[in-house]
*Asks:* 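Can you keep this structure in mind? I'll have questions shortly.
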Amino acid sequence: MQKQRQHSERGAVVVTGGGSGIGRTIAEQFARAGEAVIIFDYNKAAAEQVASDLKITGYRAAAFAGSVSDEADVSAAFALADTCFDGVKTLINNAGVSGNCPTIELSLAEWQRNIDVNLTGVFLCAREAGRRLIKAGRPGVIINMASMYGVVAAPNRIAYCGTKSGVVMMTKTLALEWASAGIRVNGIAPGYVHTALTQELIETGRLNAEALNHRTPLGRFGTPEEVADLAWFLASDQSRFITGQVVGVDGGWSANGYL
Ligand code: NAD
């Protein structure tokens with residue numbers, strides 16, 4: 001895919017959870033295409049590593065260590081975009097946590113952790129981006145990382161499915177609210193994607209890769225690059241008439257009512 005954007009070169013792309021997995025690949029792909037990126041991650045070492053690797057190779061990046069569910073951290077992360085890169089133009093609301101636990105065994109603490117990161121984090125970061133873009137009179141893009149499990153259900157995932165379906169509806173609500181300000185808000189709903197985390201789950205027997213491949217019409221896991229390609233399209237002017245949508249990148253999983 002040709003990495004070109006037709007709108008302003010000013011401003012940064014804030015990628016939450018950019019220290020690993022899908023977020024890291026998105027940050028790298030956007031930086032290599034010429035965007036300035038802020039890697040906003042709870043894991044300080046990971047955020048700094050990604051930013052430093054990009055800077056060493058000549059790309060524009062800065063790391064911010066903090067939590068998306070902490071109001072002061074969110075404000076400080078966006079302030080860093082002001083200091084380093086003339087503000088924000090795109091937010092990739094990617095940080096998320098997941099878990100797999102029978103509902104009768106799920107602790108309140110684990111439920112709350114999902115609410116804090118997957119819902120409150122998305123809200124706080126979107127609110128901060130929206131406030132700044134609207135105040136500056138700038139167009140912008142917000143992309144929320146949902147999941148196919150925000151659209152179709154799975155057992156033992158009440159916290160994950162519940163919060164990710166919330167992300168789907170928050171995406172539509174914000175798209176309506178901010179369309180007149182020139183801010184497009186879309187979501188991405190990945191299926192199973194090969195990351196270090198899913199690899200570990202496979203190796204420890206907690207995910208059955210063979211069964212999941214069989215359930216997926218395209219017969220395999222997705223790659224972080226395939227999710228990043230969709231993020232790139234949704235952030236670019238090529239998708240200028242698209243807002244309020246949650247686009248699946250799941251190899252056909254959510255369309256499959258057969259197996
Ligand atoms: P990952 O665990 O590899 O990366 C998530 C990153 O978010 C980590 O670097 C972590 O430190 C960071 N993070 C966690 N809590 C944070 C917080 N409070 N504040 C800031 N950063 C925080 O996960 P991933 O697989 O790359 O998933 C990224 C997103 O994609 C998540 O929202 C996830 O739900 C979604 N998703 C992933 C898959 C998949 O198969 N990997 C499928 C569907 C959706």
Side-chain angles (χ1 to χ4, degrees), residues 14-29 38-51 63-78 80 91-100 110 112-126 128 143-152 154 157 159-168 170-171 187-202 206-207 209 212-213 215-216 220-228 230-231 246-251 253-254:
V14 175
V15 185
T16 73
S20 70
I22 294 169
R24 177 181 181 137
T25 301
I26 290 174
E28 289 171 345
Q29 206 159 301
I38 301 277
I39 292 118
F40 176 7
D41 202 293
Y42 196 61
N43 183 332
K44 186 170 190 281
E48 286 176 351
Q49 186 67 55
V50 176
F64 182 86
S67 174
V68 292
S69 55
D70 182 298
E71 207 169 9
D73 283 353
V74 170
S75 174
F78 282 79
L80 184 67
L91 164 66
I92 314 281
N93 240 334
N94 163 81
V97 292
S98 64
N100 192 340
E110 183 57 14
Q112 192 61 49
R113 188 175 80 100
N114 279 262
I115 300 279
D116 288 348
V117 182
N118 296 355
L119 285 181
T120 306
V122 168
F123 158 64
L124 288 176
C125 292
E128 192 68 29
I143 297 171
N144 296 326
M145 199 60 70
S147 167
M148 70 179 182
Y149 285 143
V151 182
V152 295
R157 286 187 180 83
Y160 190 70
C161 291
T163 53
K164 289 298 184 179
S165 69
V167 172
V168 169
M170 286 160 77
T171 300
I188 293 179
Y192 284 95
V193 176
H194 254 307
T195 61
L197 185 77
T198 48
Q199 186 58 33
E200 190 204 320
L201 293 174
I202 291 165
R206 284 180 287 161
L207 270 188
L212 297 174
N213 288 340
R215 171 69 178 73
T216 306
R220 62 173 175 84
F221 278 43
T223 65
E225 289 74 17
E226 287 164 337
V227 181
L230 177 57
V246 177
V247 184
V249 51
D250 64 5
W253 179 292
S254 60

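Counting starts at 1 for both ligands and their atoms, in listed order. A quick note: this is a predicted structure, and the numbers were derived from the prediction, not measured.
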*Asks:* Check this for me: Gln199, atom CD, are more than 12 non-hydrogen atoms of other residues, nucleotides or ligands nearer than 6.0 Å?
*Replies:*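 More than 12 heavy atoms, drawn from other residues, nucleotides or ligands, come within 6.0 Å of this atom.
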*Asks:* Only counting residues at least two apart or in another chain, list the ones meeting side chain to side chain donor-acceptor pair (under 3.5 Å) with Ser98.
*Replies:*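 Ser98: no side chain to side chain donor-acceptor pair (under 3.5 Å) contacts found.
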*Asks:* Mind checking what makes side chain to side chain donor-acceptor pair (under 3.5 Å) contact with Ser20, not counting sequence neighbours?
*Replies:*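 Partners of Ser20 under the side chain to side chain donor-acceptor pair (under 3.5 Å) test: none.
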*Asks:* Would you check if the side chain of Ser147 reaches a backbone N or O of Ala189 as a donor-acceptor pair within less than 3.5 Å?
*Replies:*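 Pair absent, no side-chain N/O of Ser147 close to backbone of Ala189.
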*Asks:* Quick one: list whatever passes side chain to side chain contact (heavy atoms under 4.5 Å, CB included) with Gln112, sequence neighbours left out.
*Replies:*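 With neighbours one apart ignored, the set is Ile115, Asp116.
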*Asks:* When you look for protein heavy atoms under 4.0 Å from ligand 1, which residues do they belong to?
*Replies:*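 Lining ligand 1 at under 4.0 Å, by heavy atoms, one finds Gly17, Ser20, Gly21, Ile22, Asp41, Tyr42, Asn43, Gly66, Ser67, Val68, Asn94, Ala95, Gly96, Val117, Met145, Ala146, Ser147, Tyr160, Lys164, Pro190, Gly191, Tyr192, Val193, Thr195, Thr198.
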*Asks:* Take atom CZ in Phe78; do more than 12 heavy atoms of anything else shown fall under 6.0 Å from it?
*Replies:*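 Counting neighbours around CZ of Phe78, more than 12 heavy atoms of other residues, nucleotides or ligands fall under 6.0 Å, so yes.
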